[in-house]
Number of protein chains: 2
Amino acid sequence: MGNRLNGFGACSTEVKMACPVEMTLHINGGKWKGIILDILSHQSVRFNELKRLIPGITQRMLTLQLRELEADGIVKRKVENTVPKKVEYSLTEHGKKLSPIIASIRIWGNEYMNKNE
Amino acid sequence: MGNRLNGFGACSTEVKMACPVEMTLHINGGKWKGIILDILSHQSVRFNELKRLIPGITQRMLTLQLRELEADGIVKRKVENTVPKKVEYSLTEHGKKLSPIIASIRIWGNEYMNKNE
DNA sequence: CCGTATCCCGGCGGATACTG
DNA sequence: CAGTATCCGCCGGGATACGG
């Protein structure tokens with residue numbers, strides 16, 4: 001049910017929430033976070049490759065959403081200081097626990113999109 | 001992976017999306033939809049009771065979010081024309097398929113909120 | 001009891017240009 | 001290659017009042 005706790009949870013956007021469902025959806029609620037997590041749940045990816053895999057996203061938004069996911073402890077950022085620079089993004093242990101959920105979500109979404117055929 | 005299809009899916013907000021994960025998160029992405037679905041996944045509820053169960057929500061927002069969920073085929077609205085009026089909200093068959101996902105999401109959220117204890 | 005109708009504001013996200 | 005910096009428009013959502 002509502003399942004409200006005594007305390008409040010916090011996340012990078014500093015919005016306080018008591019309901020864990022609200023919380024989770026808020027953390028993954030950015031316009032591009034769904035597809036980002038979807039991709040990262042299958043592989044580690046570099047910045048520009050991520051950009052290439054997500055048609056329509058701007059550099060700015062990709063950076064912002066990745067920074068939030070990082071601040072929320074979902075995504076890991078590994079910098080290799082070569083020239084040119086190389087930055088690899090992957091899921092943290094906590095983020096990996098989201099993978100099965102993302103998978104279910106994709107399955108549901110596919111069914112939903114094909115419901116009138 | 002990105003899993004983009006040839007066609008596009010549509011939902012009540014008339015935003016076109018190709019990625020089923022984006023689609024699902026968008027459908028459930030309103031500020032209050034998470035907790036609404038969480039509640040409805042356990043019981044059918046009348047309008048005012050729903051309002052009571054969701055502290056902070058306004059009548060306007062509750063109506064709007066319910067209307068969107070209804071338009072997206074997630075929520076069913078049953079009107080009993082008594083005096084005073086009685087309106088009961090519940091999940092559709094399609095909406096019920098979201099319940100296990102909501103449950104996983106709640107579990108993850110709880111873990112997340114207690115991660116520093 | 002169950003909603004609409006208005007008004008209004010903050011901030012998410014787009015476009016574009018620049019940098020280590 | 002992997003980002004910042006700046007500007008700005010739009011609309012999600014809050015507050016409030018009214019209606020069947």
Side-chain angles (χ1 to χ4, degrees), chain A residues 11-17 19 22-23 25-37 39-40 44-72 75-90, chain B residues 11-17 19 22-23 25-37 39-40 44-72 75-90:
Chain A
C11 64
S12 65
T13 50
E14 297 181 19
V15 180
K16 303 298 181 187
M17 271 166 303
C19 169
E22 273 179 295
M23 171 66 97
L25 289 178
H26 183 257
I27 287 179
N28 307 312
K31 181 173 179 185
W32 304 97
K33 287 180 185 173
I35 192 171
I36 290 176
L37 292 176
I39 293 170
L40 291 184
S44 298
V45 185
R46 298 179 54 176
F47 185 85
N48 266 0
E49 187 166 4
L50 211 40
K51 185 165 180 306
R52 211 175 39 73
L53 288 171
I54 309 178
I57 198 171
T58 60
Q59 294 220 356
R60 169 188 147 80
M61 282 316 296
L62 183 52
T63 305
L64 283 179
Q65 306 265 354
L66 284 170
R67 290 289 182 277
E68 281 188 24
L69 288 170
E70 198 188 352
D72 286 329
V75 155
K76 219 177 344 186
R77 182 167 175 270
K78 197 177 76 184
V79 185
E80 219 161 304
N81 249 330
T82 54
V83 179
K85 205 197 299 187
K86 179 175 173 180
V87 180
E88 187 122 329
Y89 289 94
S90 59
Chain B
C11 62
S12 64
T13 50
E14 297 180 19
V15 180
K16 304 296 181 188
M17 269 166 303
C19 168
E22 270 179 298
M23 171 64 98
L25 289 178
H26 182 257
I27 287 179
N28 308 312
K31 181 173 180 187
W32 305 96
K33 287 179 185 172
I35 191 171
I36 289 175
L37 292 175
I39 293 171
L40 290 184
S44 299
V45 186
R46 298 181 53 179
F47 185 84
N48 266 1
E49 187 165 5
L50 211 40
K51 186 166 179 303
R52 210 174 40 74
L53 288 170
I54 309 178
I57 198 171
T58 60
Q59 292 220 355
R60 170 187 146 80
M61 282 318 294
L62 183 52
T63 305
L64 283 179
Q65 305 266 349
L66 283 170
R67 288 291 180 277
E68 281 188 24
L69 288 170
E70 199 188 350
D72 285 330
V75 155
K76 220 178 345 185
R77 182 169 175 268
K78 197 177 75 184
V79 185
E80 220 162 303
N81 248 329
T82 55
V83 179
K85 206 196 300 187
K86 180 174 170 180
V87 181
E88 187 121 331
Y89 289 94
S90 60

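Within the nucleic acid shown, Lys51(A) has no heavy atom closer than 4.0 Å to any nucleic acid atom. Counting non-hydrogen atoms under 4.0 angstrom, Gln65(A) reaches the backbone sugars and phosphates but no base.
Residue-to-nucleotide proximity on DNA chain C shows that, of Thr13(A) and Gly56(A), the 5′-proximal contact is made by Thr13(A). Nearest-nucleotide assignment on DNA chain D puts the 5′-proximal partner with Glu88(A), out of Leu64(B) and Glu88(A).
For dC2(C), the OP1/OP2 oxygens have a side-chain nitrogen or oxygen of Arg46(B) closer than 4.0 Å.
A distance of 8.0 Å separates NZ of Lys31(B) from CD of Glu22(A), quoted to the nearest 0.5 Å.
Tested against Lys85(A) for a side chain to side chain contact (heavy atoms under 4.5 Å, CB included), the candidates Thr82(A), Val83(A), Val87(A) yield a single pass: Val87(A).
The side chain of Arg60(A) has dA5(D) as its nearest neighbour among dC2(C), dG14(D), dA5(D). When the nucleotides dC1(C), dC1(D), dT4(C) are ranked by their closest atom to the side chain of Asn48(A), dC1(D) comes out on top. Nearest to the side chain of Arg67(B), among dG13(C), dG14(D), dT4(C), sits dT4(C).
Here dG14(C) presents its C1' atom at 8 Å from NZ of Lys31(A), a figure rounded to the nearest Å. Taking atom NZ on Lys33(A) and atom C1' on dC12(C), their separation rounds to 11 Å, with Å as the unit. Atom NZ in Lys85(B) sits roughly 12 Å away from atom P in dC1(C) (whole-Å rounding). Across the protein-nucleic acid pair, Arg77(A) atom CZ and dC1(D) atom P stand 16 Å apart, rounded to whole Å. Atom pair Ile35(B):CD1 and dG13(D):C1' shows a separation of 16 Å (rounding to whole Å applied). Spacing between atom CE of Met61(B) and atom P of dA15(D) amounts to 11 Å, rounded to whole angstrom units. The nearest whole Å value for the distance from the CG atom in Leu62(B) to the C1' atom in dC2(C) is 10 Å. dC1(C) atom P lies 14 Å from atom OH of Tyr89(B), rounded to whole Å.
Within the structure, salt bridge (charged side-chain N to carboxylate O under 4.0 Å, His left out) contacts touching residues 49-70 of chain B (residues at least two apart or in different chains) are Lys33(B)-Glu68(B), Glu49(B)-Arg52(B).
The shortest distance between side-chain heavy atoms of Ile36(A) and Leu62(A) falls below 4.5 Å.
By the side chain to side chain donor-acceptor pair (under 3.5 Å) test, Thr58(B) is found to be paired with no residue, residues two or more places apart in sequence or in another chain being considered.
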